[in-house]
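Written out below as structure tokens is the structure these notes cover.
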Amino acid sequence: ASHRYIDSADLTERAWLFGLAALAAVLYLKGVRIARARAGAGSPVESWARRLKALSPRTRLVLLFAAALLVINLGSIKLLQEENTFKGDEPHYLLIAHSLIVDGDFDLADNYANRDYDAFMPSGLKLDRHVVPGVKPDSRYSFHSPGTALVLLPFYALGRLFGPTGLLLFIRFGMSLFGALFGVQVYLFARKEWGRDSLALGIWALVTFSTPAYFYSLHVYPELIVGL
């Protein structure tokens, strides 16, 4: 799937799409400004902020968390439809989780040899070994920290019960929980720091649904987990 990101025709298409999106955003903001001037009303963000403020603090946070979780997992389904699988260090974190569940250890020598990563990677793909020698003869341990694999253990275990598709969805669902929690933390920080609900809501939306937070909410990397 990596050709999608280096093909020149694809890059041109994405540039055009970005330009059209930017133009649409400018036109939309202009339209909102004109409508506000005519009606003397507040911005859509301010309107939503007033509605949120009317809710109890717990209900407000649950609503923001649920909204983020929904949008992030829609992205997960989109990645699945495009057959966009794990890349970079992601499969190596997942192989640690696999070894802990299936073998009950951190030794990955047999897991790489047996191609256990075929459970969540495209068939026929060979992974480079991200390992260092252990004390025991022929043992190999990942040079990645196991923290990410440990927090994803329950999602990996549940996903295995539903086949390859279920495994992918459950793993990304696990990461989406951290993305949604991170967004709530951003909202609480912004509201405490500046005391404006509309500003806090806008910052929440901007951070939660844009790069890099949205990317890390869908991929197996430790950044969001550490950020919490």
Side-chain angles (χ1 to χ4, degrees), residues 1 58-59 61-131 140-186 208-209 212-228:
R58 178 176 295 180
T59 302
L61 297 181
V62 169
L63 184 61
L64 293 177
F65 177 83
L69 202 61
L70 174 62
V71 174
I72 294 169
N73 281 282
L74 288 175
S76 174
I77 294 172
K78 180 65 174 175
L79 289 177
L80 183 64
Q81 290 174 340
E82 294 181 349
E83 300 182 354
N84 198 326
T85 55
F86 302 107
K87 298 179 179 67
D89 294 336
E90 291 181 281
H92 303 283
Y93 288 116
L94 295 177
L95 198 59
I96 299 173
H98 181 93
S99 181
L100 288 171
I101 291 172
V102 176
D103 302 331
D105 60 35
F106 288 97
D107 186 358
L108 303 183
D110 59 330
N111 303 109
Y112 280 107
N114 296 333
R115 299 180 56 91
D116 289 341
Y117 49 80
D118 284 341
F120 45 81
M121 295 298 290
S123 178
L125 180 68
K126 185 177 181 179
L127 284 183
D128 293 332
R129 301 190 177 199
H130 287 200
V131 294
R140 295 293 184 272
Y141 295 89
S142 177
F143 54 66
H144 296 289
S145 171
T148 302
L150 289 172
V151 299
L152 287 178
L153 278 179
F155 305 102
Y156 193 98
L158 283 172
R160 280 167 51 85
L161 301 177
F162 298 93
T165 300
L167 181 60
L168 294 177
L169 289 175
F170 268 94
I171 290 169
R172 285 181 172 140
F173 176 75
M175 291 305 303
S176 73
L177 292 173
F178 294 102
L181 284 172
F182 181 77
V184 169
Q185 289 289 91
V186 169
T208 305
F209 304 127
Y214 192 79
F215 172 87
Y216 285 124
S217 299
L218 289 169
H219 294 84
V220 184
Y221 291 105
E223 279 75 4
L224 280 183
I225 299 171
V226 174
L228 289 172

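No experiment lies behind these values; they were computed from the predicted model shown.
By the 6.0 Å contact criterion, CZ on Phe170 is enclosed, its count of non-hydrogen atoms from other residues, nucleotides or ligands being greater than 12. For Asp128, the CG atom counts as loosely surrounded, since its 6.0 Å shell holds 12 or fewer non-hydrogen atoms of other residues, nucleotides or ligands.
Neither side chain, Asp118 nor Ser123, offers a donor N or O lying under 3.5 Å from an acceptor on the other. Side-chain contact check for Tyr93 and His130: no donor-acceptor pair (N or O, by modelled atom type) lies under 3.5 Å.
The aromatic rings of Phe215 and His219 sit parallel to each other, their planes meeting at less than 30°, with 60° as the upper class boundary.
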(Q) Determine whether Leu169 and Phe162 satisfy the following criterion, side-chain contact (heavy atoms from CB on, under 4.5 Å), listing intermediate values before the conclusion. (A) CA-CA 10 Å; Leu169 289 175; Phe162 298 93; over 6 Å; no
**Q.** Stepwise side-chain contact (heavy atoms from CB on, under 4.5 Å) check, Ile77 with Gln81
**A.** CA-CA 6 Å; Ile77 294 172; Gln81 290 174 340; 4.0 Å; yes
Q) Under the side-chain contact (heavy atoms from CB on, under 4.5 Å) criterion, do Thr208 and Phe182 qualify, and how do the steps go? A) CA-CA 8 Å; Thr208 305; Phe182 181 77; over 6 Å; no
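Put simply, the residue from Leu152, Leu218, Ile72 that forms a side chain to side chain contact (heavy atoms under 4.5 Å, CB included) with Met175 is Leu152.
Side-chain atoms of Lys87 come within 3.5 Å of backbone N or O of Thr85 as a donor-acceptor pair. Side-chain N or O atoms of Arg140 include none that pairs as donor or acceptor with a backbone N or O of Asp110 at under 3.5 Å. Remark: side-chain polar atoms of Tyr112 are not paired, donor with acceptor, to backbone N or O of Leu95 under 3.5 angstrom. A distance-only check finds no donor-acceptor pair linking the side chain of Ser176 to the backbone of Ser217 [under 3.5 Å].
Shown here for Ala109 and Arg129, the closest heavy-atom pair between the two residues is O-NH1, 4.1 Å. When every heavy atom of Leu108 is checked against every heavy atom of Ser99, the shortest pair comes out as CD2-CB, 3.6 Å. The two residues Ala67 and Phe209 come nearest to each other via the heavy atoms O-CZ, 4.4 Å. Taking both residues in full, the closest heavy atoms of Arg172 and Leu79 are given as NH1-CB, 3.8 Å, listed atom of the first, atom of the second, then distance. Taking both residues in full, the closest heavy atoms of Met121 and Pro91 are given as SD-CB, 3.8 Å, listed atom of the first, atom of the second, then distance. Of all heavy-atom pairs between Tyr117 and Leu125, the closest is CE1-O, 3.2 Å.
Distance check, rounded to the nearest 0.5 Å: OH of Tyr221 to CZ of Phe86 gives 10.5 Å. Rounding to the nearest 0.5 Å gives a distance of 8.0 Å between CD1 of Ile225 and CG of Leu228. Taking CG from Asp107 and CG from Leu100, the interatomic distance works out to 11.0 Å, rounded to the nearest 0.5 Å. For the atom pair Leu224 CG and Leu177 CG, the distance stands at 11.5 Å (nearest 0.5 Å). To the nearest 0.5 Å, the span separating CZ on Phe173 from CZ on Phe178 amounts to 11.0 Å. Atom CG of residue Leu150 and atom OG of residue Ser145 lie 8.0 Å apart, to the nearest 0.5 angstrom.
The cationic atom of Arg160 (NZ for Lys, CZ for Arg) does not lie both less than 6.0 Å from the six-membered ring centre of Phe120 and within 45° of the ring axis.
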